[in-house]
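Working notes, structure below.
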Amino acid sequence: MNGKKKELDSRYLRMAAIWAENSYCRRRQVGALIVKDKMIISDGYNGTPAGFENVCEDELGLTKAYVLHAEANAITKIARSGNNSDGSTLYVTDSPCIECAKLIIQSGIRRVVYARQYRLTEGIELLQRAGIETAYLPLGENTDESDTHTPTL
């Protein structure tokens, strides 16, 4: 990955991490930005649907089933706006789950950059299978050890 692109990726990931601070979730705060032509066209963080109480976990500390992931919130905002995400890049603090990966594929996002790897890898594997470029770029690390995967079709 060239230096300028990696520098921009790192900045957008830091912005996604700051956006994650808006989440009311206690177990994990996740933020996402969708960028197209160097413009942020959508954002999201994990939380409950509009109109619900801002409590993400039940009394046992488990995430409620209806909590939306940051990626899903960012993608659904696009659906309500005049923008589209064809050819865009998604910056997200945590690697996408398989359900979010399906939304990413269907929304036309062509690249996903994430800062933390989740223990389940099915989401990233599905994105790669669909020909979407994925890049793991840990926050705070600006080394050449980041893992970029450009699929070959």
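Counting begins at 1 with the first residue of the sequence.
- There is no path of hydrophobic side-chain contacts, each under 4.5 Å, that joins Y118 to I98.
- When all heavy atoms of A101 and G123 are compared, the pair lying nearest together is CB-O, 3.5 Å.
- Hydrophobic clustering, with ILVMFWY side chains joined whenever heavy atoms are under 4.5 angstrom apart, groups V35 together with L137.
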**Request:** Mind running side chain to side chain contact (heavy atoms under 4.5 Å, CB included) on E133 and L127 for me, showing each step along the way?
**Result:** CA-CA 8 Å; E133 179 185 343; L127 292 172; over 6 Å; no

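- Looking at every heavy atom in both residues, K36 comes nearest to I41 through CB-CD1, 3.9 Å.
- Rounding to the nearest 0.5 Å gives a distance of 4.0 Å between NZ of K5 and CZ of R111.
- Taken to the nearest 0.5 Å, the CZ atom of R14 stands 11.0 Å off from the CG atom of D9.
- To the nearest 0.5 Å, atoms CD1 (I18) and CG (D43) are separated by 13.0 Å.
- Proximity of a side-chain donor or acceptor of D94 to a complementary backbone N or O of R116 within less than 3.5 Å is not detected.
- When all heavy atoms of R26 and E57 are compared, the pair lying nearest together is N-OE2, 2.9 Å.
- At a cut-off of 3.5 Å, with distance as the only test, a side-chain donor of T63 or R27 sits close to an acceptor on the other residue.
- Remark: the T134 side chain and the Q128 side chain contain an N/O donor-acceptor pair separated by less than 3.5 Å.
- Under the 4.5 Å side-chain heavy-atom criterion for Ile, Leu, Val, Met, Phe, Trp and Tyr, L33 and L8 are members of the same hydrophobic cluster.
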**Message:** Go through it in stages, so that I can follow the logic: the residues are E125 and R129, the test is salt bridge (charged side-chain N to carboxylate O under 4.0 Å, His left out), and I'd like the CA-CA distance, side-chain angles, deciding distance and then a yes or no.
**Reply:** CA-CA 6 Å; E125 291 163 5; R129 182 175 171 202; over 6 Å; no

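- To the nearest 0.5 Å, atoms NE2 (H69) and OG1 (T76) are separated by 12.5 Å.
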**Message:** Under the criterion side chain to side chain contact (heavy atoms under 4.5 Å, CB included), I'd like the reasoning laid out for I78 against S107: C-alpha separation, chi angles, the key distance, then a yes or no.
**Reply:** CA-CA 9 Å; I78 289 281; S107 69; over 6 Å; no

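- Taking the six-membered ring where tryptophan is involved, the planes of W19 and Y45 are perpendicular, since the angle between them exceeds 60° and thus also 30°.
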**Request:** Under the side chain to side chain contact (heavy atoms under 4.5 Å, CB included) rule, what do R11 and Y91 come out as? Steps first, then yes or no, please.
**Result:** CA-CA 10 Å; R11 285 182 184 149; Y91 294 90; over 6 Å; no

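- The shortest non-hydrogen separation linking Y12 to I40 is CE2-CG1, 4.0 Å.
- From M15, atom CE reaches atom OG of S10 across 12.0 Å, with rounding to the nearest 0.5 Å.
- Counting heavy atoms from C-beta on, the side chains of L68 and T48 never come closer than 4.5 Å.
- Interatomic distance, CD1 of I124 versus OH of Y136, reported as 11.0 Å (0.5 Å rounding).
- Listed here is the closest heavy atom pair of I109 and I34: CD1-CD1, 4.1 Å.
- Between K64 and E53, at least one side-chain N (NZ, or NE/NH1/NH2) sits under 4.0 Å from a carboxylate O, which counts as a salt bridge.
- Taking hydrophobic clusters as Ile, Leu, Val, Met, Phe, Trp and Tyr residues chained together by side-chain heavy-atom distances below 4.5 Å, I105 shares a cluster with V92.
- Of the candidates V112, T89, L90, L126, I132 forms a side chain to side chain contact (heavy atoms under 4.5 Å, CB included) with just one, namely V112.
- For C56 against G47, the heavy-atom pair with the smallest separation is SG-CA, 4.0 Å.
- With hydrogens and angles ignored, the 3.5 Å screen pairs a side-chain donor or acceptor of N2 with a backbone N or O of K4.
- Heavy-atom contacts from other residues, nucleotides or ligands closer than 6.0 Å to CD of Q106 number 12 or fewer.
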**Request:** Go through T93 and Y114 one step at a time and tell me if the side chain to side chain contact (heavy atoms under 4.5 Å, CB included) criterion holds.
**Result:** CA-CA 5 Å; T93 57; Y114 60 100; over 6 Å; no

